[in-house]
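One structure is given here, and the rest of the page talks about it.
Every value quoted in this text rests on a predicted model; they were computed, and no experiment measured them. Here is the naming used below: chain letters follow the sequence lines, and residue numbers restart at 1 for every chain.
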Number of protein chains: 2
Amino acid sequence: MKFTEKNMDISRRSVERLILYRKLLIRYEESGEAHIFSHKLAELADRTAAQVRRDLMAVGFPGSPVNGYQVKGLIKALSNFLDDPVGQNAALIGIGNLGRAVLEYCWKRHPKLKIVVAFDNNPSKVAVNIHDCECYDISALEENIVSHNIKVAILAIPATAAFSISQKLLKSGIKAILNFTPARLPIPDNVYIENFDIMRSLEKAAYFARKLDSKK
Amino acid sequence: MKFTEKNMDISRRSVERLILYRKLLIRYEESGEAHIFSHKLAELADRTAAQVRRDLMAVGFPGSPVNGYQVKGLIKALSNFLDDPVGQNAALIGIGNLGRAVLEYCWKRHPKLKIVVAFDNNPSKVAVNIHDCECYDISALEENIVSHNIKVAILAIPATAAFSISQKLLKSGIKAILNFTPARLPIPDNVYIENFDIMRSLEKAAYFARKLDSKK
DNA sequence: TTTTTTCTGTGAATTTCATCACACCAAATT
DNA sequence: AATTTGGTGTGATGAAATTCACAGAAAAAA
Ligand SMILES: NC(=O)c1ccc[n+]([C@@H]2O[C@H](COP(=O)([O-])OP(=O)(O)OC[C@H]3O[C@@H](n4cnc5c(N)ncnc54)[C@H](O)[C@@H]3O)[C@@H](O)[C@H]2O)c1
Ligand SMILES: NC(=O)c1ccc[n+]([C@@H]2O[C@H](COP(=O)([O-])OP(=O)(O)OC[C@H]3O[C@@H](n4cnc5c(N)ncnc54)[C@H](O)[C@@H]3O)[C@@H](O)[C@H]2O)c1
């Protein structure tokens, strides 16, 4: 069954890896390679070849035992699987240190996914244009979220403001939130949320550093 | 067996949750509560009560069927399990937008884990002191990592510099790296690495936003 | 031509992770 | 005094994720 239909359910972890594979493949293609074997892609992604092939089953792009996968075709198949054909817009809430770093970083990285609007309550930060992204006052949040058909938001405001803004986002039809504030937001389960907390990541890193350092 | 010894192997996910529990408990304690039941902690952490109790087995702090867990004691037991008794120091490499945001955010958040040194190759950023953190020229990296007994590093430099710096970190005995650059770093498996890539997280969020939005 | 090699695609086995369900306990209730 | 209530700690069970292992296919080697 080479051309598996792509409406099968797929795990969060698997999607994560598919996104990584695509990124690695784009880089790999730039180095001039036209084909790649699962074990090579696995090496780049730091996974096993079997897992790579399993993950790719969801995408349904066939490889050949002789040459492996055609890189260009696989990238296209992955994009077809992962991206919205029309493209998706995202919003940034909070144009502080972190918000600006994110804006800078995400600029022009993805042809189908762009941060097109940002919001802040500090007048000095609005009415400007950073990297193709229009900056508005926070009072214009709802109307712009709706009018730009935005379903993804990045929260980078102080924790104290996080809850009330998240409620507004939900009301405006947001379906995914990347939450950089340390606040825990109550979210219905038909909305995706990912909480980032660098302090917690640092604690985890420190825990394992200690374990690894004490071994041998 | 109430007082399980804590040298059992514990999964990465479980450690992650224990760190979250502690944070939630500290907040909970501030609200004046002295005791907590597993189902309440589960609710705060958005997990099940059974999983909370399972996770806590590793810590070995007993709860009572009548009052649940004593919050103060549990926080202490978690800290005892998670933290280095002496404390750990971390280093930041790259004092740019992102680096400064991280430095600001992590400042005074943890009594046993501190970013004590930072490095940059831009002279205008060194020889200053941000939030108790000394900023040095990158050439002083190795000696300071060693002299401060640092095992955890945060990489927030341009991707092009990531590989060579990571090699220096490894040589200096680093055991964990939080990598914010999009570079993939080859790391021996006795060193912990966590790769952050907001673009990839955003892609994932967009994927699930799309799926959730198309359902019903 | 026949055999060997090598890699894909995927059922089956295995391992890892999460939940279930219950023995046990102490307080509250009858 | 007996019974009910509600929560912990954990063995047993179930589900999910990963790895194994092999049929099949096509090129390369013999
Ligand atoms: N997850 C992490 O690792 C991490 C790292 C750094 C910072 N943070 C968190 O991310 C958030 C932003 O961090 P930062 O360093 O950029 O802070 P910052 O203070 O530099 O930026 C916050 C921005 O939000 C704006 N703002 C404040 N209230 C607002 C409101 N009600 N509506 C709209 N905009 C508002 C401010 O004007 C400011 O521009 C904070 O919650 C911080 O704790 C998280
Ligand atoms: N993971 C993410 O989501 C994310 C988000 C934003 C930025 N980033 C990445 O994080 C890194 C830093 O981002 P930023 O926005 O802070 O960039 P930045 O340009 O503001 O900061 C980079 C800093 O590194 C310093 N630097 C450059 N070369 C160096 C070297 N060889 N040794 C020491 N210091 C050096 C520069 O002087 C500068 O201060 C970049 O790789 C960027 O792509 C990642």
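Across the protein-nucleic acid pair, A/H35 atom NE2 and D/dA27 atom C1' stand 14 Å apart, rounded to whole Å. Summarising the geometry, the separation between CE on B/M57 and P on C/dT19 is reported as 16 Å, rounded to the nearest angstrom. Rounded to whole Å, atom P of C/dT10 lies 14 Å from atom CZ of A/F61. Atom CD in B/Q70 sits roughly 16 Å away from atom C1' in D/dT8 (whole-Å rounding). Atom C1' of nucleotide D/dA25 and atom CG of A/N67 are separated by 13 Å, given to the nearest angstrom. In this structure, A/R17 places its CZ atom 12 Å from C1' of D/dA16, rounding to the nearest Å. If you take CD of A/Q51 and C1' of C/dG9, they are 15 Å apart, rounded to a whole angstrom.
The bend of the helix from C/dT1-D/dA30 to C/dT30-D/dA1, defined by the angle between the axes of its first five and last five pairs, stands at 20° to the nearest 10°.
In this structure, A/E194 and B/S201 approach most closely via the heavy-atom pair OE2-OG, 3.9 Å. Here the shortest heavy-atom pairing between B/I193 and B/R12 reads O-NH1, 4.3 Å. In terms of heavy atoms, B/C106 sits closest to A/L202 at SG-CD2, 4.2 Å. In plain terms, the two heavy atoms of A/F208 and B/V15 that are nearest each other are CZ-CG2, 3.9 Å.
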(request) Go through B/E29 and B/K72 one step at a time and tell me if the salt bridge (Lys or Arg N to Asp or Glu O under 4.0 Å) criterion holds. (result) CA-CA 7 Å; B/E29 191 186 23; B/K72 196 190 285 285; 3.7 Å; yes
(request) Could you walk me through whether A/E203 and B/R22 pass the salt bridge (Lys or Arg N to Asp or Glu O under 4.0 Å) test, one step at a time? (result) CA-CA 11 Å; A/E203 289 175 48; B/R22 172 169 62 175; 2.7 Å; yes
Enumerate the protein-to-nucleotides 23-25 of chain C contacts in which both atoms are nitrogen or oxygen and the separation is below 3.5 Å.
none

Please tabulate the protein-to-nucleotide N/O contacts below 3.5 Å involving nucleotides 12-15 of chain D, giving atom names and distances.
| unit_1 | atom_1 | unit_2 | atom_2 | d |
| --- | --- | --- | --- | --- |
| D/dA12 | N6 | B/R54 | NH2 | 3.4 |

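Under the rule for a side chain to side chain contact (heavy atoms under 4.5 Å, CB included), the partners of A/R109 that lie at least two apart in sequence or sit in another chain are A/Y105, B/P182, B/M199.
Under the 3.5 Å distance criterion, the side-chain polar atoms of B/R210 are matched with a main-chain donor or acceptor of A/D83. Distance alone, capped at 3.5 Å, is enough to place a donor-acceptor pair between the A/K112 side chain and the A/P85 backbone. A side-chain donor-acceptor contact under 3.5 Å links A/S64 to the backbone of A/V66.
Comparing C/dA26, D/dT19, D/dG9 against the side chain of B/P62 picks out D/dG9 as the nearest. Comparing C/dC17, D/dC20, C/dT8 by their nearest atom to the side chain of A/A50 picks out D/dC20. For B/R13, the listed nucleotide lying nearest its side chain is C/dC17; candidates were C/dC17, D/dA26, C/dG9. Nearest to the side-chain atoms of B/S11 among the listed nucleotides D/dT18, C/dG9, C/dC17 stands C/dC17. Distance from the side chain of A/R53 is smallest to C/dT10 among D/dG9, C/dT19, C/dT10.
Summarising the local packing, CG of A/D189 is surrounded by 12 or fewer heavy atoms from other residues, nucleotides or ligands at distances under 6.0 Å.
With B/F119 as reference, B/N144 is the one residue of B/I95, B/L92, B/N144 to meet the side-chain contact (heavy atoms from CB on, under 4.5 Å) rule.
Between A/K168 and A/E142, no side-chain nitrogen of the basic residue sits less than 4.0 Å from a carboxylate oxygen of the acidic one, so the salt-bridge criterion is not met.
Residue B/S64 is in sugar-phosphate contact alone, with no base atom involved, counting any heavy-atom pair closer than 4.0 Å across all strands shown. As judged by a 4.0 angstrom heavy-atom cut-off over every strand, A/R12 is placed among residues making no nucleic acid contact.
Every pair passing salt bridge (charged side-chain N to carboxylate O under 4.0 Å, His left out) that includes a residue from residues 41-50 of chain A is listed here, sequence neighbours excluded: A/K40-A/E43.
The stretch residues 37-47 of chain B comes close to DNA chain D through B/F37, B/S38, B/H39, each having a heavy atom under 4.0 Å from the strand.
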